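Inspection log for the structure reproduced underneath, given as C-alpha cells.
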Amino acid sequence: MSPGGSPATDFSVALLGEFIALGVRDIVLSPGARSQALALAAAEFELAGLVRLRVRIDERVGGFLALGLAVETRMPVLVITTSGTAVANLHPAVLEAHHSGVPLILLTADRPEELRGIGSNQTTDQLGIFGPAVHFVRDVAAPSSTGFSPEYPGELAHEAFAAAAGHSSPAGPVQLNLAFREPLSAAVATLPVVAAANGVSGGRPPRVTELAAAPETIVIAGQGAGPGAEVLARELGAPLIAEVASGARFGPNLVVAYRELLADREFGGRVRRAIVFGHPTLSREVPALLQRSDIETIVVRGPGFEDYDPARRATHIDATRYNGEPAERAWAGSWVHASRALLEVRGTETPDPRTDDRLAVAEFARAQLAVFRESVTRRMLVEAVWRVTWPHDRLVFGASRLVRDADRAVPGKAIPVHANRGLAGIDGTIATATGIALASEASGSAGTTRVLLGDLTLLHDAGSMLYGGGEPRPRLQVIVGNDGGGTIFDALEVAQTAPAGSFDRVLYTPQSVDFRALAEAYGWDYRLAGNRGELDEALAPCERPTLVEVPLSRG
Ligand SMILES: Cc1ncc(C[n+]2csc(CCOP(=O)(O)OP(=O)(O)O)c2C)c(N)n1
Ligand SMILES: [Mg+2]
C-alpha cells in the first residue's frame, strides 16, 4: 500500500515537486473530482510558498490565464483539469500557445484503463484530443497500490518540461494525461524537499548567419519578433516595419506609415530584400510585398511553430549578424521622413496661451474645452492608451479593429506590448492579460496592465472577470471600444453586397449589454469615458480591476 493511503496523492505530490524543482512557479487549475489529488497537492505547495496557484472555474479561462502567465514569465506554466469536456475547453489556448511558441504543461486527469471504452461517466478519448498542437503527449497509467518507481515522476516532469520549453523543437504546449484510480486522494502527509530551481539545460545554440550589406533591404517585425529586429535594421541602415505588438516598434528607422509606403513605387517598389522576424498579421501590404517575385526573403526563425513565408520560398535562418561597414542612412532616412510627412496632423490654430489679450485668452480656454469635450475616435483612443503606457506597464491588444488602428498610427516607444496573434482569436483576451498582469506584479512591477479591445471581444471572455476566492486582484484596466458589435466586418466587400439586415444579424451581431452592470456583477470598478477629457482621466493607473467603456461610432 502507498505510504499516504492514496497512490494518486503520492504520485501527484511527487510529480508537482519535480516540476517545481525544474523551475515551475505558476499553476492554474479548475475544479473536478478526478483531478482532486493534483489540485490538493497544488494547494499544499502554494501554502508552503513554493508556487503561485490560480483557480478558475472555466477551463477555457484557465488555459488563457496560463498562456498570459507564460508569456510574461517565459517559463512553462502548469494547467490542471479534470476529465471530459474540461480538457477540450483548453483547446483554444493550446492552439494559440502552439502557434506562438508559448510553453504550457497540461496535466489532464483521466479514468484508469479498466474504466475506458465502457461508457463511464465523463470519459472520452483524451489522447490526441489536441491533435498536432501539443508537442509531447504521454498517457500515464494510474499509479497502483504497489507504488511507482521513485524515478518515474522525475523522468516524466523532465521530459514534459524540456518539450514545453522548446529544447529540441519550438516551445509550446505539452500534455500529460494522468489516470487516477480510487481512492482519488488522501491527506498530503509531507511535501518533498524541493531543491532550488535548476531548470533543464539543453537545446542547441542558434546558428548565426552573417548578412551581407545590400541596398534596398527592409526589416519586417511581426508578433514575437523582439528587439533584435530593431538592432539589425539600424546596423543595416534598413527601414524598420515593426507591428505594434512586435516588441521592436521603436528606434530611428521605424516607419509607422508603412502601408502607404509599401504600396508606393518609389518606396515599396524599390525593395529587393526583406528580412522577416516574428509573425506579421496586421496588414495586407506585407504579404503582398513578400509574394513579389523580385524580392528575396530571409526569415529569422521565431518562437512559433510555423515561420512566416507567404511565398513559400524564403531562406530560413536561426539568427543574423551584420559585420559590415556602418550603413548609409539615406535609404532608411527617406522612408522615415516620408512616413512622418504622411502622419503629420495639423494642430488646430489656437492663440498663444501666454498672451495678455483677454479676448484671446477666453478664445484659448474655449478651444481647450472643446478639445476636452470632443467625442472619442478610434485614432484618439489608441493614441491616448499608447501615450499613458510606460515600460513598467503592460499593454495587451484584442484582435479586431483597434489593434490595426494602433498599428497605423502610434509612434515608436519601447514598451511591453502583447497580442494573441498566433491565431488572432477574439477569445481569451482578458484572461491572457490577467496572466500578464499577475505575473508582472509578482515579479515586482509597479505598473498597470491595460487591455484595449472591442465590445464583442470583451463579451466573448466576460467569464474571465471572475477571480478565484481570496486571490490577489491585479492592476488591470480593460478598455473597451464599444461600437455595438463587430465593426471590423463593415470594411469587407460583403458589407456592400449583402442585405443590410442579414449582414447586421450574422456579421455585425449587435449587442447592447450594460457594461456598468457587467462590471458591478463581477465586483470591478467601472468608468465611462464619453469624451477626450474623461478618457484621459479614466486611463490613469488603477489599483484594482477596472472596466473603462469608451463609446465609439460605428463608422
Ligand atoms: C474565437 C473567434 N471567433 C470569431 C472570430 C472572428 N472575428 C474577428 S473580429 C470579430 C468581431 C470583433 O468585434 P469587436 O470585438 O466588437 O471589435 P470591432 O471590430 O467592433 O472593433 C470576430 C467575430 C475570431 N477572430 N475569433
Ligand atoms: Mg465592436
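Remember, it's 1-based here, ligands and their atoms both numbered in the order they're listed. Computed from a predicted model, the values in this text were never measured in an experiment.
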If you look at every heavy atom in Y522 and G463, which pair is closest and at what distance?
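Smallest heavy-atom distance, with atoms named: OH-CA, 3.9 Å.
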
Contacts of type side-chain hydrogen bond (donor to acceptor under 3.5 Å, both in side chains), residue D264, not counting sequence neighbours:
none

Heavy-atom neighbours of R313 CZ exceed 12 at 6.0 Å:
yes

With R34 via salt bridge (charged side-chain N to carboxylate O under 4.0 Å, His left out) - residues at least two apart
none

N177 versus T108, side-chain donor and acceptor atoms under 3.5 Å
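Side chains of T108 and N177: pair found under 3.5 Å.
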
Any donor-acceptor N or O pair under 3.5 Å, side chains Q223, T281:
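Side-chain D/A pair, Q223 to T281: absent.
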
A33 backbone acceptor or donor facing Q36 side chain under 3.5 Å:
yes

Quick check against the 3.5 Å criterion: does R378 have a side-chain atom that pairs as donor or acceptor with the backbone of G481?
no

Which protein N or O atoms sit under 3.5 Å from any N or O of ligand 1? Give each pair with its distance.
{"residue": "ligand 1", "atom": "15 (O)", "partner": "L456", "partner atom": "N", "Å": "3.4"}
{"residue": "ligand 1", "atom": "15 (O)", "partner": "T457", "partner atom": "N", "Å": "2.9"}
{"residue": "ligand 1", "atom": "15 (O)", "partner": "T457", "partner atom": "OG1", "Å": "2.5"}
{"residue": "ligand 1", "atom": "16 (O)", "partner": "D455", "partner atom": "N", "Å": "3.2"}
{"residue": "ligand 1", "atom": "16 (O)", "partner": "D455", "partner atom": "OD1", "Å": "2.7"}
{"residue": "ligand 1", "atom": "16 (O)", "partner": "L456", "partner atom": "N", "Å": "3.0"}
{"residue": "ligand 1", "atom": "16 (O)", "partner": "G485", "partner atom": "O", "Å": "2.9"}
{"residue": "ligand 1", "atom": "17 (O)", "partner": "S400", "partner atom": "OG", "Å": "3.0"}
{"residue": "ligand 1", "atom": "19 (O)", "partner": "S400", "partner atom": "OG", "Å": "2.5"}
{"residue": "ligand 1", "atom": "19 (O)", "partner": "T487", "partner atom": "N", "Å": "3.4"}
{"residue": "ligand 1", "atom": "19 (O)", "partner": "I488", "partner atom": "N", "Å": "3.0"}
{"residue": "ligand 1", "atom": "20 (O)", "partner": "D483", "partner atom": "OD1", "Å": "3.1"}
{"residue": "ligand 1", "atom": "20 (O)", "partner": "D483", "partner atom": "OD2", "Å": "3.2"}
{"residue": "ligand 1", "atom": "20 (O)", "partner": "G485", "partner atom": "O", "Å": "2.8"}
{"residue": "ligand 1", "atom": "20 (O)", "partner": "T487", "partner atom": "N", "Å": "2.9"}
{"residue": "ligand 1", "atom": "20 (O)", "partner": "T487", "partner atom": "OG1", "Å": "3.1"}
{"residue": "ligand 1", "atom": "25 (N)", "partner": "A424", "partner atom": "O", "Å": "3.2"}
{"residue": "ligand 1", "atom": "26 (N)", "partner": "I426", "partner atom": "N", "Å": "2.9"}

Counting no waters, how many protein N/O/S atoms sit under 2.8 Å from the Mg ion (ligand 2)?
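Protein heteroatoms (N, O, S) closer than 2.8 Å to the Mg ion (ligand 2) number 3.
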
Ion pair R532/E383, N-O distance below 4.0 Å:
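No.
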
